[in-house]
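Reviewing the structure listed below.
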Amino acid sequence: MDEQALLGLNPNADSDFRQRALAYFEQLKISPDAWQVCAEALAQRTYSDDHIKFFCFQVLEHQVKYKYSELTTVQQQLIRETLISWLQAQMLNPQPEKTFIRNKAAQVFALLFVTEYLTKWPKFFFDILSVVDLNPRGVDLYLRILMAIDSELVDRDVVHTSEEARRNTLIKDTMREQCIPNLVESWYQILQNYQYTNSEVTCQCLEVVGAYVSWIDLSLIANDRFINMLLGHMSIEVLREEACDCLFEIVNKGMDPVDKMKLVESLCQVLQSAGFFSIDQEEDVDFLARFSKLVNGMGQSLIVSWTKLIKSGDIKNAQEALQAIETKVALMLQLLIHEDDDISSNIIGFCYDYLHILKQLTVLSDQQKANVEAIMLAVMKKLTYDEEYNFENEGEDEAMFVEYRKQLKLLLDRLAQVSPELLLASVRRVFSSTLQNWQTTRFMEVEVAIRLLYMLAEALPVSHGAHFSGDVSKASALQDMMRTLVTSGVSAYQHTSVTLEFFETVVRYEKFFTVEPQHIPGVLMAFLDHRGLRHSSAKVRSRTAYLFSRFVKSLNKQMNPFIEDILNRIQDLLELSPPENGYQSLLSSDDQLFIYETAGVLIVNSEYPAERKQALMRNLLTPLMEKFKILLEKLMMAQDEERQACLADCLNHAVGFASRTSKAFSNKQTVKQCGCSEVYLDCLQTFLPALSCPLQKDILRSGVRTFLHRMIICLEEEVLPFIPSASEHMLKDCEAKDLQEFIPLINQITAKFKIQVSPFLQQMFMPLLHAIFEVLLRPAEENDQSAALEKQMLRRSYFAFLQTVTGSGMSEVIANQGAENVERVLVTVIQGAVEYPDPIAQKTCFIILSKLVELWGGKDGPVGFADFVYKHIVPACFLAPLKQTFDLADAQTVLALSECAVTLKTIHLKRGPECVQYLQQEYLPSLQVAPEIIQEFCQALQQPDAKVFKNYLKVFFQRAKP
């Protein structure tokens with residue numbers, strides 16, 4: 001072996017050595033006999049370095065996994081002998097191998113097992129057991145090999161081919177017949193031998209039993225001697241967690257519902273009499289978490305049995321199963337309410353399914369009603385934050401609690417399905433008593449009281465949030481709680497969680513304010529003062545900005561009396577904070593977007609006359625325009641790149657804010673009707689000069705482009721005079737990405753204004769194409785993936801542009817570019833259809849070709865176009881699908897083929913018999929197509945139903961491809 005290369009296996013080796021070791025590994029993998037060197041090194045224990053031993057196993061693993069069939073019988077025998085002699089050596093080693101080596105060895109054994117067990121090595125397990133006997137080192141390896149085999153055969157996370165899946169089923173069937181009873185016996189012996197002396201081996205063995213129990217005969221394990229031993233382990237501290245998991249796997253095994261019920265019941269009796277159900281005496285939370293999972297498994301198994309028995313009409317046994325379930329509810333409740341969330345979380349599945357049973361029963365007994373109430377109280381208690389929760393810096397523990405809360409919410413929703421009245425009454429009771437004394441109550445209790453009110457909105461579903469109409473008792477209860485919420489003064493509570501919950505709930509139940517609008521001013525004040533947008537916590541300010549915009553939008557009809565007051569109060573929050581004054585604004589620019597949108601909504605939806613709306617909108621946008629001009633001048637003179645970036649950011653925010661205000665307009669309230677066109681045209685005039693700024697081009701262009709998109713929608717044709725100069729600037733020294741983002745703007749204008757923009761399009765058509773071709777023809781590194789992808793996306797955008805022009809009835813824009821340019825454009829479309837393996841672009845190209853044939857392919861089409869059809873378009877329809885890269889199993893490619901069929905149909909429609917004659921006599925014979933197939937093709941083409949031809953074309957090309 002290359003000793004120098006082996007040095008690189010050490011994790012502390014420098015990168016050159018490591019590279020050399022990797023290269024050596026690759027070399028050994030390809031070499032036909034290098035594995036023999038590694039096998040010999042392992043069998044003879046040539047190396048003491050752990051990393052080299054691991055490396056040798058990796059080489060063997062590769063050999064067994066990928067190249068085993070290439071070996072001779074003698075070589076295969078050598079691998080078996082190597083592994084067995086390595087295993088024998090482990091019995092005598094003074095020190096056991098490192099865990100990672102033992103695991104890798106086990107993987108190699110397992111790979112060899114699945115390859116050879118059915119053919120060459122049926123005595124695999126007997127050979128291994130005869131070597132290891134009860135030697136603890138050997139047993140450790142034997143158990144690791146069993147776990148590796150289980151993961152090869154059964155692991156759901158490993159994707160197997162259908163061939164491997166069939167092989168694995170056959171192996172399991174053969175093992176069940178030939179060796180499973182012996183394996184089970186060996187496990188029993190190991191457990192009995194080591195349960196008091198070697199906890200590590202015992203736990204490993206319990207894990208093996210748990211893994212195999214899912215696919216072997218359960219009676220081999222679920223019998224007195226095994227179960228009694230497992231129950232004994234439940235009382236041994238170092239074994240009980242693993243024993244618990246093993247019992248869980250036994251309980252989880254699929255089986256006949258009556259047998260399952262008997263198994264669970266007998267297990268429960270033994271556990272109960274051994275004192276395991278008295279969980280308040282148990283202090284070990286890790287064990288209790290496993291025990292909770294076991295109880296959950298038992299409960300859910302009984303519920304599955306009940307469901308099956310009900311389905312099959314076995315009422316007597318179903319009744320017994322329900323009785324068995326009911327006797328576990330007290331224990332389930334103890335676990336659900338446990339202060340440790342992991343223990344509680346593990347039992348939620350049983351709890352959820354139990355409620356599902358109650359939902360199906362027509363009448364609930366008093367005990368069942370009491371259970372529902374107990375679950376409800378447990379959920380309410382467990383939803384509460386604990387003292388340790390860090391609101392300012394949420395980490396992993398906090399994230400886990402948020403997830404746990406989501407599980408509890410599912411329980412609450414299920415409770416609402418079982419007994420909505422009880423849920424409403426319980427929440428009302430907790431809510432009212434908490435809010436009466438909120439000043440003296442701890443924050444977590446106040447938060448959870450409001451949270452419960454919030455959760456009712458989803459738990460008691462209604463359409464379109466109409467909680468305050470319909471069912472009178474429900475509506476009045478909710479109305480009553482909302483009134484308490486907004487009049488109690490709890491919005492002033494000094495804790496962020498309570499503040500946020502208050503605003504979330506107010507917005508969730510916005511319909512309340514249409515019923516009792518007198519509360520709107522109070523809530524608006526809460527939003528606008530130190531409780532909301534001016535809160536000391538940035539997190540609260542940020543969330544409130546979003547919630548405020550939702551509140552105003554949903555209640556815009558009720559906002560009229562407060563508009564001017566709100567606009568005055570948010571004035572300082574609209575400040576564009578330039579980078580140089582060091583002023584820390586209260587809101588981030590993302591939050592400010594919501595405030596600008598809110599201001600726009602207030603103005604546009606107000607009942608003011610158009611002049612007043614215009615004046616207010618001008619007041620809102622003028623400061624932005626003035627700041628923009630000043631900042632743009634500063635940017636032009638800025639030397640330092642960091643400062644340039646800050647200024648460009650700020651300019652971009654200004655454009656973004658102006659853009660966002662325009663979201664308030666709608667079909668009913670257009671910019672024109674509100675008299676605001678002039679203000680936005682002024683904005684356009686202010687922002688467009690940024691396009692010619694040579695610094696920070698990307699960010700400035702992107703902002704102005706987005707603004708133009710919005711203005712095309714809002715200002716309609718009034719925006720047109722600005723488009724030519726804007727386009728000219730955007731086409732100057734641009735990259736692939738610039739063009740890719742510019743083309744959708746042109747597409748939007750073309751599709752919207754069609755003939756109105758024809759002169760502009762004719763003028764800018766070739767400059768745009770030159771810019772595109774120039775970028776596409778730039779040389780790039782051969783393996784530069786991102787450059788290749790950018791070009792592909794630009795090509796798609798280019799074809800999308802041509803599709804928009806031809807599809808908007810503007811083909812004269814192309815036709816008027818002069819014969820040479822027209823031909824150049826058409827050739828690029830043919831190339832796009834045939835040469836680039838990109839089905840999305842190919843589909844677009846065929847759509848363009850169909851459209852052009854439809855427009856120009858008749859007798860009165862442009863001179864020379866008919867020739868082009870036969871010389872280029874018809875061949876493209878065959879050459880593209882015949883390419884190896886045209887994959888007919890791919891959905892996008894099938895869509896491209898479908899458009900290809902449309903192109904051929906359109907040619908036939910426009911050229912008639914001449915087209916059929918050309919295909920029959922010239923083109924298809926040139927492709928060496930058999931005469932009967934040519935006949936069949938032309939018949940399909942002439943079918944009036946286009947679908948028939950589409951289906952035929954797919955079959956035609958499937959046959960044509962090797």
- Is it true that E445 and K381 make a salt bridge, defined as a side-chain N closer than 4.0 Å to a carboxylate O? no
- Can a salt bridge be assigned to the pair K293 and D342 using a cut-off of 4.0 Å between side-chain N and carboxylate O? no
- Query: Less than 4.0 Å between a side-chain N and a carboxylate O, is that true for E564 and R612?
  - Reply: yes
- Item | Residues N317 and D314: side-chain donor-acceptor under 3.5 angstrom | yes
- Salt bridge check: are E678 and R618 linked by an N-O gap of less than 4.0 Å? yes
- Salt bridge or not for E339 and K382, using N-O below 4.0 Å? no
- Query: Salt-bridged, E458 to K409, with N to O below 4.0 Å?
  - Reply: yes
- Test: R451 and E504 ion pair at under 4.0 Å: no
- Test item: side-chain donor near acceptor, S606 and N560, under 3.5 Å: no
- Message: Looking only at side-chain N and O atoms, does R442 offer a donor or acceptor that is under 3.5 Å from a partner on Y385?
- Response: no
- Message: I'd like to know if the side chain of S433 pairs up with that of Q436 as donor and acceptor (distance under 3.5 Å, no hydrogens or angles considered).
- Response: no
- Message: Whether K553 and E597 form a salt bridge (side-chain N of Lys/Arg under 4.0 Å from carboxylate O of Asp/Glu) is what I want to check.
- Response: yes
- Message: Between E373 and K369, does any NZ, NE, NH1 or NH2 come within less than 4.0 Å of an OD or OE carboxylate oxygen?
- Response: no
- Message: Testing the 3.5 Å rule here: is there a donor-acceptor pair between the side chains of E575 and Q592?
- Response: no
- Side-chain donor-acceptor pair under 3.5 Å between N296 and Q300, yes or no? yes
- Lys/Arg-Asp/Glu bridge criterion (N-O < 4.0 Å) met for R428, E421: no
- Task: Look at the side chain of S292 and the backbone N and O of L288, then say whether any donor-acceptor pair between them is shorter than 3.5 Å.
- Result: no
- Do D341 and S344 have side-chain N/O donor and acceptor atoms under 3.5 Å apart? no
- What distance separates L485 CG from S491 OG, expressed to the nearest 0.5 Å? 8.0 Å
- Message: H467 vs Y509, test: ring-ring contact (aromatic ring centres under 6.0 Å, His included). Steps then yes/no.
- Response: CA-CA 8 Å; H467 289 287; Y509 290 108; 5.4 Å; yes
